[in-house]
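Step one of this worksheet: look at the structure below.
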Amino acid sequence: MKFDQPAGANPTDQLKVLGIAHDRIDGPLKTTGTAPYAYERRDVAPDAAYGFILGSAIAKGRITAIDTAAAAAGAGVLAVVTYKDAGKLGKSDDGPARYLAGPEIQHYDQAVAIVVAETFEQARAAAGLVQVDYARENGAYDLKAAKATATKPKSGFGGESDTAVGDFAGAFAKAAVKIDATYTTPDQSHQMMEPHATTAAWTADGLTLWTSNQMVAWSVRDLIKTFGLPKDKIRVHSPYVGGGFGSKLWIRADAVMAALGSRAIGGRPVKVALARPQVMNNTTHRPATIQRIRLGADTSGNIVAIAHESWSGDLPGGAPETAANQTRLLYAGANRMTAHRLAVLDLPEGNAMRAPGEAVGLLALEIAVDELAEKLKMDPVQLRILNDTQVDPEKPTRPFSHRNFIGCLKTGADRFGWSARRPTPGAVRDGRWRIGMGVASAFRDNITMDSAARVGIDRKGVVTVATDMTDIGTGSYTIIAQTAAELMGVDIDKVVVLLGDSSFPVSSGSGGQWGGNSSTAGVYAACMKLREGLAAKAGFDPATATFDDGRIRAGNKSVSLSDLAPLSAEDKIEFGDLGKTYAQSTFGAHFVEVAVDPATAEVRVRRMLAVCAAGRILNPKSARSQVIGAMTMGVGAALMEHAVVDTRFGFFVNHDLAGYEVPVHADIPHQEVIFLDEIDDKSSPMKAKGVGELGICGVGAAVANAIYNACGVRVRDYPVTLDKLLPQMKMA
């Protein structure tokens, strides 16, 4: 099915099942511990051996010698595999890092060997017996020090590296009110609940992986390149994923090393799970940024000049953190400039993490907007409303498909009680605490991906949907079931959803907040094709036939779907150029209240509100769950998350959840989410958009702005920690 025209009236508009706050259909499996995750596949691999990955002890250099004899002789050891034993491995084009080092070392903790043994403890102990000699080379590990060497990247996630419209320099020089400030964000780690894990096995049919991955088809593609196998010799299963946040968009060392380990012992299944320190240093992270923002406005608050420049780093061949992307679309202004620069750093790979680009870009931009509002002596909400635009500011002939940014700000201000905010910092107290409110805009582009599905109905009237889509904790099973139930006119408990198998039709996969909208659009296409087949079998006109209560109806005639079964159909949604014709984005506004202790600089988040405009909300319950999770991550980015680099040796020092702090329940006492009533007929036949990444965008800046309102200390270097607040804190 081609989607190249705005969606008209269609069966999704009935909202009998879609748009309802359904519990997750996979919830009972997950809460009872019976959902089979990648490391737990005793059902298909009861005799699995255990693999343990040994990582590089240096960040850059070469392996000069490697001795595995002692490890191979260890108790229970079945095999030891290094680059000398692995054979020729191809490299995926999706990232700069190789999954097995040797003899060159690209980054600290890069896999140099896998030890396979009968038990995990035996494999781990034997890994300590592998002797590796290195020739260490000097590396670059400090973005600030490498900033001067940064160059314009060839490409980046999200489009052109640089853009320019009008005469920014001239307009900024003449602007009545100006902001020119630099903001920094640190390296951050995904820290999803389930670590990267894989069970791998080789048979006469080829390689099978049960793995934790967000994009099944991408995994197959990468495995084809890595092992040189034909597509029909690879099978990937990923039915349950315990979080990813972008770190599992592509295969990682767990998948490749488990496969190598299994091959080395004759195909017997081998399972590998990365330890938490390996997740931080062996896989990927969100890169640190240095961002310079310049805003110029007239005395009425109209932005006349806006520039956003960002510097980040990655391994050679990597891509930048596109922190300036949202600045191209969020606010009006005739004279504009954005730029990204990329430095070569020999740290573990930098790559996508929830809302790559916008999450850190808005941390900077939305403080700058507040700083501009203060200089203008203008309310920060009103300044944002004043500079709204209904067209792409860089391409004024390109309108937004649907943009209710002002509605988010006004609704949020009213619900949050913004009118009670005092603009003078430190003016509101509650006992010893200084109380402040902050606001920030939320923005994330709406991306769509082609997606396919197969839908069938059996003689019991049960509808089964099969697609290689993944559920990474987002509720994919449920919204797909809702879509099929709505389209086929059956109760949701009459729908079976099968996900995460590469033998199923290729879906959009989960990432970039495109998964929910795109995958359900693929299910929509397959259901519409099945409806046509059922109507034809019943002798009805498919254009006028309706489906409800398990029956197909035309005029005063009806037939039970089970009487027409079995029948199945497969189709694919293919998105046309509407994304080019219209700027498709999601919008929101975050409001935060904090308390700051002037004696200790302790910060407590008291309450949070997110108002989102993100198309039709397919399941308000799971969508809210996504947004509050993202809001919580935003608090982490604001107040605590910092993967600290040892700039002497090139690794993340605080590589566990004792040292890398993330928010806990006590840090987030009250959260509220409001979804504005909206459909976007240019987005998909579902008229929906993504929401899972929108929820993190801008949150950290709202926290930082609230801290400033509470105590008058402006911190531009994230996270906002005690040591940065206390020296500037006034005790009075």
Side-chain angles (χ1 to χ4, degrees), residues 179 181-186 188 286 288-295 303 306 308 310 321 323-327 329-331 354-375 379-381 383-385 387 405 408-409 412-413 416 418 421 425 436-444 587-594 596 603 605 607-612 627 630-642 663 671 693-711 713-721 724-725:
I179 290 292
T182 297
Y183 307 83
T184 64
T185 63
Q188 297 172 356
R286 193 198 300 278
T289 67
I290 300 170
Q291 302 177 53
R292 182 189 183 192
I293 296 180
R294 286 173 285 176
L295 301 176
I303 294 175
I306 182 168
H308 193 159
S310 178
E321 180 75 6
N325 274 12
Q326 74 289 317
T327 307
L329 290 162
L330 186 50
Y331 296 115
R354 198 173 199 167
E358 289 98 334
V360 290
L362 286 164
L363 286 174
L365 177 64
E366 288 302 290
I367 288 184
V369 171
D370 257 41
E371 294 195 60
L372 180 64
E374 185 177 39
K375 277 197 171 185
D379 181 83
V381 171
L383 177 61
R384 289 170 170 85
I385 290 173
N387 286 284
F405 177 46
C408 294
L409 289 163
F416 199 70
W418 184 256
R421 173 185 178 269
M437 292 187 190
V439 65
S441 305
F443 173 95
R444 173 72 171 156
F587 299 90
H590 288 288
F591 293 82
V592 174
E593 181 180 278
V594 304
V596 181
V603 176
V605 175
R607 58 192 181 101
M608 306 174 70
L609 168 67
V611 183
C612 302
V627 173
M631 292 162 71
T632 304
M633 288 184 75
V635 171
L639 298 179
M640 57 194 73
E641 293 192 45
H642 182 183
Q671 293 172 314
E693 299 189 346
L694 178 69
I696 194 175
C697 296
V699 175
V703 173
N705 289 335
I707 290 170
Y708 177 77
N709 182 243
C711 66
V713 179
R714 176 66 74 188
V715 178
R716 302 184 181 92
D717 177 24
Y718 287 99
V720 184
T721 48
K724 298 168 186 173
L725 284 172

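Everything numeric here is computed off the predicted structure, so don't read it as measured data. All values below come from the heavy atoms of this structure, side chains included, with hydrogens, waters and symmetry mates left out.
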Where the side chain of [X] meets the backbone of [Y], is there a donor-acceptor pair that is under 3.5 Å apart?
X: Glu593; Y: Arg607; answer: no
X: Lys375; Y: Ile179; answer: no
X: Asn709; Y: Asn705; answer: no
X: Glu641; Y: Ala638; answer: no
X: His590; Y: Cys697; answer: yes
X: Tyr718; Y: Leu363; answer: yes

Over all atoms of both residues, closest heavy-atom pair of [X] and [Y]:
X: Cys408; Y: Gly588; value: SG-CA, 3.7 Å
X: Ala355; Y: Ile696; value: CB-CG2, 3.7 Å
X: Val594; Y: Ile707; value: CG2-N, 3.7 Å
X: Gly698; Y: Ala440; value: O-CB, 3.1 Å
X: Met631; Y: Ala610; value: SD-CB, 3.7 Å
X: Val592; Y: Ala706; value: O-CB, 3.6 Å

Is the shortest side-chain heavy-atom distance between [X] and [Y] below 4.5 Å?
X: Val369; Y: Ile303; result: no
X: Arg421; Y: Val439; result: no
X: Gln671; Y: Leu609; result: no
X: Phe443; Y: Leu329; result: yes
X: Ile367; Y: Arg714; result: yes
X: Leu639; Y: Pro719; result: no
X: Leu365; Y: Leu330; result: yes
X: Ile290; Y: Thr182; result: yes

- Query: Would you call the rings of Phe587 and Phe405 parallel, tilted or perpendicular, where under 30° means parallel and over 60° means perpendicular?
  - Reply: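 It falls in the tilted class, 30° to 60°.
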Taking NZ, NE, NH1 and NH2 as the nitrogens, is one of them in [X] or [Y] under 4.0 Å from a carboxylate oxygen of the other?
X: Arg354; Y: Glu693; value: no
X: Glu371; Y: Arg716; value: yes
X: Asp370; Y: Arg384; value: yes

Under 3.5 Å, is there a donor-acceptor pair linking the side chains of [X] and [Y]?
X: Glu321; Y: Thr185; result: no
X: Arg444; Y: Asn325; result: no
X: His308; Y: Gln291; result: yes

- Query: Would Ser310 and Thr289 count as a side chain to side chain donor-acceptor pair (under 3.5 Å) if you check the C-alpha gap in whole Å, the side-chain angles of each, and the deciding distance to 0.1 Å?
  - Reply: CA-CA 7 Å; Ser310 178; Thr289 67; 4.9 Å; no
- Message: Using 0.5 Å steps for rounding, measure from the CG atom of Leu409 to the CD1 atom of Ile385.
- Response: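 Going from the CG atom of Leu409 to the CD1 atom of Ile385 covers 5.0 Å.
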- Separation of Leu372 CG from Ile293 CD1 (nearest 0.5 Å):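 Separation between the atoms: 11.5 Å.
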- Task: Given side-chain contact (heavy atoms from CB on, under 4.5 Å), test Arg294 with Ile306 step by step and report yes or no.
- Result: CA-CA 6 Å; Arg294 286 173 285 176; Ile306 182 168; over 6 Å; no
- Task: Under the side-chain contact (heavy atoms from CB on, under 4.5 Å) rule, what do Leu725 and Val715 come out as? Steps first, then yes or no, please.
- Result: CA-CA 7 Å; Leu725 284 172; Val715 178; 3.9 Å; yes
- Task: Test Phe591 against Met608 for side-chain contact (heavy atoms from CB on, under 4.5 Å), laying out the working first.
- Result: CA-CA 6 Å; Phe591 293 82; Met608 306 174 70; over 6 Å; no
